[in-house]
Participant: 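For reference, the structure I am asking about is given below.
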Amino acid sequence: MTKDLDKPARTGGGPGHVAIIMDGNGRWAQSRGRPRLFGHHAGARRVREIVSACPDLGVKYLTIFAFSTENWKRTQSEVAGLMSLFRRYIMKEMQAFVKENVRVRFIGDRPRLDKKLRGLMDEAEAMTSGCTGTNLTIALNYGGRDEVSRATKRLAQDVAAGRLDPEKVDEETLPKYLDTCVLPDPDLVIRTSGEARISNFLLWQSAYAEYEFIDTLWPDFTAEKFDELLSHYGTRDRRFGAVSA
Ligand code: FPP
């Protein structure tokens, strides 16, 4: 059965778009004397739980940071293990996403990813393109500066080709060239594992987002914890630079 996400968000106006920096898999595994990949696998299981919780929590858009443009600096075996996890994850979850009415999108620079993974990403996007429930965006080989650079390049090409008048470039122009062009800006950005950094995630898009930096390691981040954070968000007064009414 598919879930209807067009119901209003929780009382108090919950965040329609939540972005998550899923950090702490490595430490979670190491504290159990297990290899880092064990933590990434546990993290992947949490992704499933959090995505499934979105309809009941009134979250229409969920964007998760799975692999950054900087993560290639990890050991070859960790990178290979993560790539294999992403391939298996997409293969395994595709049917479940369709069943749960989840629309999947990917952001990030695709050419560096292997062909098989890119094929699966295209397939997941195509298979779920008619889904109208939760919008799940997975950032894979994503970096905010890289995204802005790629967007600027395309914008400059349009100017050079006479398709865009440079005098008309304003705050509405660049977002149209970003990977996230069809998504609203995030309302809330969560980072797990106690680090208070944004690590190049959604730099342009999060200009007015609220932030939650929590100590919980990603594999311990349950749907209940997610719910608690969202309740907290409902108590905030977002002014977007203006004063309260
Ligand atoms: C950061 O933890 C996590 C990552 C770089 C990978 C995120 C990947 C997942 C949660 C796995 C599954 C995701 C999908 C979409 C299938 P870390 O390794 O930096 O942890 P540490 O800071 O404790 O070392």
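The figures here come from the full heavy-atom set of this structure, side chains too, leaving out hydrogens, waters and symmetry mates. Indexing begins at 1, ligand by ligand and atom by atom, following the structure's order. One is the number of the first residue; the rest follow in order along the sequence.
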Participant: I need the contact type for W218 against ligand 1. Using non-hydrogen atoms and a strict under-4.0 Å cut-off, is it side chain, backbone, both or neither?
Facilitator: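 Contact part for W218 vs ligand 1: side chain (C-beta onward).
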Participant: Validate the cation-pi geometry between R46 and W218: distance from NZ or CZ to the six-membered ring centre under 6.0 Å, angle to the ring axis within 45°.
Facilitator: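 No cation-pi geometry.
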Participant: Does CZ in R154 sit with more than 12 non-hydrogen atoms of other residues, nucleotides or ligands closer than 6.0 Å?
Facilitator: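 Enclosed: over 12 neighbouring heavy atoms sit under 6.0 Å from CZ of R154.
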Participant: In this structure, does ligand 1 have an atom that sits under 4.0 Å from one of the heavy atoms of A66?
Facilitator: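 Heavy atoms of A66 do come under 4.0 Å of ligand 1.
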Participant: Check this for me - ligand 1, G26, N or O atoms closer than 3.5 angstrom, yes or no?
Facilitator: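 Yes: some nitrogen or oxygen of G26 is under 3.5 Å from one in ligand 1.
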Participant: Test of understanding: given a 4.0 Å heavy-atom threshold, classify the contact between R36 and ligand 1 as side chain, backbone, both, or neither.
Facilitator: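 R36 to ligand 1: side-chain contact only, backbone stays beyond 4.0 Å.
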Participant: What distance do L113 atom CG and N141 atom CG have between them, rounded to the nearest 0.5 Å?
Facilitator: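 If I round to the nearest 0.5 Å, the distance is 5.0 Å.
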Participant: Hey, are D179 and R105 close enough for a salt bridge, meaning a charged N less than 4.0 Å from a carboxylate O?
Facilitator: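 R105 and D179: not salt-bridged.
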Participant: Under 3.5 Å, is there a donor on one side chain and an acceptor on the other for D215 and S193?
Facilitator: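 No donor-acceptor contact under 3.5 Å links the two side chains.
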Participant: Is the backbone N or O of V79 less than 3.5 Å from a side-chain atom of R74, with the two atoms forming a donor-acceptor pair by type?
Facilitator: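 Pair absent, no side-chain N/O of R74 close to backbone of V79.
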Participant: Distance to 0.1 Å, residue and atom name: give those for the protein heavy atom nearest to atom 22 (O) of ligand 1.
Facilitator: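 Here the closest protein heavy atom is R27 NH2, 2.8 Å.
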Participant: I need the atoms of ligand 1 closer than 4.0 Å to a non-hydrogen atom of Y89, numbered in the order shown.
Facilitator: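 Result: 16 (C).
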Participant: So, does N200 use its side chain to make a donor-acceptor pair with the main chain of R145 at under 3.5 Å?
Facilitator: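 Side chain of N200 to backbone of R145: a pair is present.
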Participant: Heavy-atom distances under 4.0 Å decide this one: backbone, side chain, both or neither, for R48 against ligand 1?
Facilitator: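 The answer is neither.
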Participant: What protein heavy atom lies closest to atom 9 (C) of ligand 1? Include the residue and the distance to one decimal.
Facilitator: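 I find the closest protein heavy atom is N25 ND2, 3.5 Å.
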Participant: Can you confirm, on distance only, whether ligand 1 has an N/O atom lying under 3.5 Å from any N/O atom belonging to G24?
Facilitator: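 Between G24 and ligand 1 (N or O atoms, distance only) the closest approach is under 3.5 Å.
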Participant: What residue and heavy atom of the protein are closest to atom 4 (C) of ligand 1, and at what distance?
Facilitator: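 Looking at atom 4 (C) of ligand 1, the protein heavy atom closest to it is H40 CE1, 3.9 Å.
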Participant: If we set the cut-off at 4.0 Å for heavy atoms, which region of N71 has an atom near ligand 1: side chain, backbone, both, or neither?
Facilitator: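 Answer for N71: side chain.
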Participant: Any donor-acceptor pair under 3.5 Å linking the side chain of H17 with the backbone of D187?
Facilitator: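 The answer is no, because no donor-acceptor pair under 3.5 Å joins these two groups.
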Participant: Check whether any side-chain N or O of R48 sits under 3.5 Å from a backbone N or O of A44 as a donor-acceptor pair, and report yes or no.
Facilitator: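 No: the side chain of R48 does not pair with the backbone of A44.
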Participant: Do the side chain of T75 and the main chain of E78 share a donor and acceptor less than 3.5 angstrom apart?
Facilitator: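 Side chain of T75 to backbone of E78, a donor-acceptor pair under 3.5 Å: yes, one is there.
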Participant: Using heavy-atom distances, let me know which of F86, W28, F221, F106 sits nearest atom 14 (C) of ligand 1.
Facilitator: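 Closest candidate by heavy-atom distance is F86.
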Participant: Can you name the atoms of ligand 1, numbered from 1 with element, that are less than 4.0 Å from a heavy atom of M22?
Facilitator: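 This gives 1 (C), 2 (O), 3 (C), 10 (C) as the contact atoms.
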Participant: Does ligand 1 come near enough to D23 that some N or O of the ligand is less than 3.5 Å from an N or O of the residue?
Facilitator: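 Between D23 and ligand 1 (N or O atoms, distance only) the closest approach is under 3.5 Å.
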Participant: Atom 19 (O) of ligand 1: which protein heavy atom is closest, and how many Å away?
Facilitator: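 So the nearest neighbour among protein heavy atoms is R74 NH2, 2.7 Å.
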Participant: If the contact criterion is a heavy-atom separation under 4.0 Å, does E93 count as touching ligand 1?
Facilitator: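 Contact check E93 vs ligand 1: negative.
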